[in-house]
Protein chains: 2
Amino acid sequence: MTAKPGKVTQREIARIAGVSQTTVSMVLNDRDGSNIRIPDATRERVRRAIEQSTYVADPAARRLAGLDNKILGVFTYESALTPESMDFYGPLLNGIERAAESLGCDLLFFTSSPVEEGRRRLFHRNTRLRLADGCVLLGQQMDGEDLERLVAEDFPFVAVGRRDETEAPVPYVGIDYGALTETLLGRAAELGHERVLYIHRNRNSPTARDRLAAIERAGHSPAVTLAVVGDDLAGLPRLIGETGATAVFAEDAFLVEDAALVLGDAGADAVSLAALAEVRGHRIGGRNLTGFHTPRQQIAAEALALLQQLISTAPDERGGIEIQRLLQGEVAFGETLTARGGAR
Amino acid sequence: MTAKPGKVTQREIARIAGVSQTTVSMVLNDRDGSNIRIPDATRERVRRAIEQSTYVADPAARRLAGLDNKILGVFTYESALTPESMDFYGPLLNGIERAAESLGCDLLFFTSSPVEEGRRRLFHRNTRLRLADGCVLLGQQMDGEDLERLVAEDFPFVAVGRRDETEAPVPYVGIDYGALTETLLGRAAELGHERVLYIHRNRNSPTARDRLAAIERAGHSPAVTLAVVGDDLAGLPRLIGETGATAVFAEDAFLVEDAALVLGDAGADAVSLAALAEVRGHRIGGRNLTGFHTPRQQIAAEALALLQQLISTAPDERGGIEIQRLLQGEVAFGETLTARGGAR
DNA sequence: CCGTATTGATAATTCGCATTATCAGCGGCT
DNA sequence: AGCCGCTGATAATGCGAATTATCAATACGG
């Protein structure tokens with residue numbers, strides 16, 4: 001397919017310059033040493049031949065010869081570019097693009113990964129993964145097998161978001177949701193809240209567990225009641241009544257929005273609300289939602305920096321690298337977390 | 001770099017199954033013919049060896065051997081994933097992602113292209129372009145040299161947006177802004193507007209020229225005065241007064257917004273406003289802006305379909321393909337184009 | 001019983017580039 | 001003359017998969 005009649009190879013350059021293909025390669029890669037010596041005159045002759053032509057190195061051949069490619073893979077466990085997911089992925093992708101640009105790398109999106117048993121799989125018969133020097137993984141939920149295999153094969157990769165679903169340590173860059181959760185609980189205590197209701201969907205993700213662990217750690221001030229909720233939040237008012245909670249925290253901003261809808265204007269005014277997640281762009285009844293601000297572009301930049309580090313380090317020397325990095329986010333004090341009983 | 005100790009090759013599979021590498025390749029590609037015959041027993045043996053292992057074909061080697069890669073390049077003349085440009089690129093990228101997914105292709109973003117003389121260049125010493133089977137080009141303004149060279153090298157590519165900056169015909173998928181412009185002018189005439197002021201930035205792009213050509217074609221009903229404006233729109237009220245225009249059309253929605261700002265509430269109420277471009281998400285003083293709706297996801301889908309067609313057709317047989325395609329958008333009748341002198 | 005298909009499979013080659021090993025030519029030294 | 005060492009360059013090889021040419025073994029036909 002796609003015949004390339006105009007393709008210029010090193011051999012062609014060599015013919016023009018009257019040297020061997022080896023010499024052309026040496027000149028292109030600035031090789032020089034005890035065994036390889038090329039006088040400037042020859043160098044110049046070869047260079048000129050290259051300038052005259054439209055020579056471009058074939059990346060496939062370079063790769064096959066064992067060189068780096070300057071290609072970074074990007075794998076998302078959900079579609080990355082839909083309008084809905086742009087909210088979440090947008091800043092990450094933007095950060096990745098910028099970092100890649102400054103590293104001089106191209107980005108290979110594995111959009112072709114087939115869906116097997118309801119989830120996208122990174123590994124399949126025809127994966128182009130190996131074309132990349134390394135890979136960034138994105139997504140709320142990742143596949144443990146994929147991760148295991150990447151580790152086992154010493155393939156350089158970095159997950160965005162904390163991971164703990166595997167035996168082997170997985171390189172990641174994430175947000176310290178535990179610390180943020182503690183801070184926000186402390187703030188709630190200061191504001192006089194003694195009973196808080198935490199609603200979540202019982203997701204089996206590391207960050208979900210981190211939040212729960214932090215709540216655990218916080219002890220009894222304030223006392224937090226955990227409640228798993230489904231799509232139907234109808235039972236929420238009853239739950240609030242039973243627990244005597246003066247504040248409702250939820251796993252993410254969307255869940256807060258759903259809760260606010262169920263509680264109605266009056267109810268939403270009566271209790272404080274907060275999300276233990278990014279709240280940028282979310283407002284509840286005209287008020288800025290209290291929650292976290294997470295530096296997503298920074299995460300992306302850090303992830304690519306780590307990836308680059310892994311790529312340029314031999315597998316057996318990666319021991320010294322800090323491969324699990326948590327960045328500190330900040331608590332966004334909106335207007336939905338107010339003093340207990342206080343009018344806003 | 002990046003030693004791949006766990007890398008399984010066809011040779012390894014061959015060793016396990018007790019056959020030659022050739023046979024493995026034949027089985028994998030389902031080759032069969034007068035010269036190549038492999039009994040089912042052997043086939044099965046090889047298949048099982050592959051199943052047992054973690055064999056994945058090396059894409060670089062396949063590519064070098066002259067096969068298709070299922071990789072489509074994406075080149076944007078501006079950064080594609082910034083929050084600002086998401087407005088424009090988002091729907092296109094989304095469409096591209098979905099089309100690629102259904103075609104089973106991965107997407108290679110050429111984020112590494114260096115900026116030379118103020119513009120990004122597709123071709124450079126280390127371009128990974130050849131790794132892709134074909135390429136989609138995005139951007140308001142493209143580089144004529146890039147296009148010429150792509151054509152000259154018979155490299156399959158498709159530009160998004162109409163192109164006319166080259167001698168050779170460039171494959172593209174775009175919007176028929178001419179037709180839309182005519183329709184909107186007609187509508188203005190129906191509403192009683194006899195004099196329209198068209199403000200633009202004198203951009204040297206095909207679509208800009210299309211709009212001007214359509215205005216030209218429309219003749220004298222309504223009479224359109226053309227005005228090139230810079231960043232400063234201060235002279236706009238005077239222009240309106242001099243020309244007696246009852247409606248102001250602008251090149252794009254942003255320009256309309258700027259104009260509305262200059263005219264102020266009173267002025268914006270007095271004249272009708274419209275953009276000869278996509279107006280989704282743009283509102284002027286609480287009213288939906290009149291302009292066009294362009295099916296951007298559809299453009300992307302069509303572009304990838306065309307690209308796929310070019311890829312799978314030998315260069316000398318591409319004659320029969322309709323390589324320049326204009327899609328019809330639709331006029332979005334907002335509330336900023338009203339009957340002449342009519343209250344809204 | 002000898003030539004000739006047919007079957008099943010493999011050795012050899014190619015793709016473009018990087019690298020290693022090798023070599024021809026020359027000057028200096030003993 | 002014979003040996004050494006240096007310079008400048010090239011032949012040979014490998015990377016992994018696809019393809020082409022080739023071959024050994026068996027079956028067949030007369």
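Letters A, B, ... mirror the listed sequences (proteins, then strands); counts begin at 1. Everything numeric here is computed off the predicted structure, so don't read it as measured data.
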Can you check whether [X] has a side-chain N or O nearer than 4.0 Å to OP1 or OP2 of [N]?
{"X": "A/R62", "N": "C/dA18", "result": "yes"}
{"X": "B/Q10", "N": "D/dA18", "result": "yes"}
{"X": "B/R31", "N": "D/dT19", "result": "yes"}
{"X": "B/T42", "N": "C/dA9", "result": "yes"}

For [X] and [N], give me the distance from atom [atom1] to atom [atom2], rounded to whole Å.
{"X": "B/N69", "N": "D/dG16", "atom1": "CG", "atom2": "C1'", "answer": "13 Å"}
{"X": "B/D32", "N": "D/dA18", "atom1": "CG", "atom2": "P", "answer": "16 Å"}
{"X": "A/N29", "N": "C/dT19", "atom1": "CG", "atom2": "P", "answer": "6 Å"}
{"X": "A/K7", "N": "C/dT14", "atom1": "NZ", "atom2": "C1'", "answer": "11 Å"}
{"X": "B/R43", "N": "C/dT7", "atom1": "CZ", "atom2": "C1'", "answer": "14 Å"}
{"X": "B/R45", "N": "C/dA9", "atom1": "CZ", "atom2": "P", "answer": "7 Å"}
{"X": "B/K70", "N": "D/dA17", "atom1": "NZ", "atom2": "P", "answer": "19 Å"}
{"X": "A/I13", "N": "C/dG16", "atom1": "CD1", "atom2": "P", "answer": "13 Å"}

How close do A/D133 and A/P156 get, heavy atom to heavy atom, and via which atoms?
O-CG, 3.4 Å

Quick one: which of [options] gets closest to the side chain of [X]?
{"X": "A/D58", "options": "C/dA18, C/dC15, C/dG16", "result": "C/dG16"}
{"X": "A/N35", "options": "C/dC17, D/dG16, C/dA21", "result": "C/dA21"}
{"X": "A/T22", "options": "C/dG16, D/dA18, C/dT19", "result": "C/dT19"}

Pair A/S25-A/T22, side-chain donor/acceptor within less than 3.5 Å:
no

Polar pair under 3.5 Å, donor/acceptor by atom type, side chain A/Q21, base C/dA18
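Side chain to base: pair present.
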
With a non-hydrogen cut-off below 4.0 angstrom, is [X] in contact with a base, only sugar-phosphate, or nothing?
{"X": "B/T23", "value": "base"}
{"X": "A/A57", "value": "sugar-phosphate"}
{"X": "B/S25", "value": "base"}
{"X": "B/V19", "value": "sugar-phosphate"}

Spell out, as yes or no, whether a donor-acceptor pair under 3.5 Å connects the side chain of B/N29 to the backbone of B/R31.
no

Heavy-atom donor-acceptor pair, A/R149 side chain to B/T54 backbone, under 3.5 Å:
yes

By nearest heavy atom, map A/I36 and B/I38 onto DNA chain C; which one lands nearer the 5' end?
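Counting from the 5' end, the first nearest nucleotide belongs to B/I38.
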
Looking at B/F110, does the NZ or CZ of B/R128 lie under 6.0 angstrom from its six-membered ring centre and within 45 degrees of the ring axis?
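Not flagged: B/R128 not positioned over aromatic ring of B/F110.
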
Test salt bridge (charged side-chain N to carboxylate O under 4.0 Å, His left out) on B/K7 and A/E153; report intermediate values, then the result.
CA-CA 8 Å; B/K7 191 164 49 182; A/E153 296 191 7; over 6 Å; no

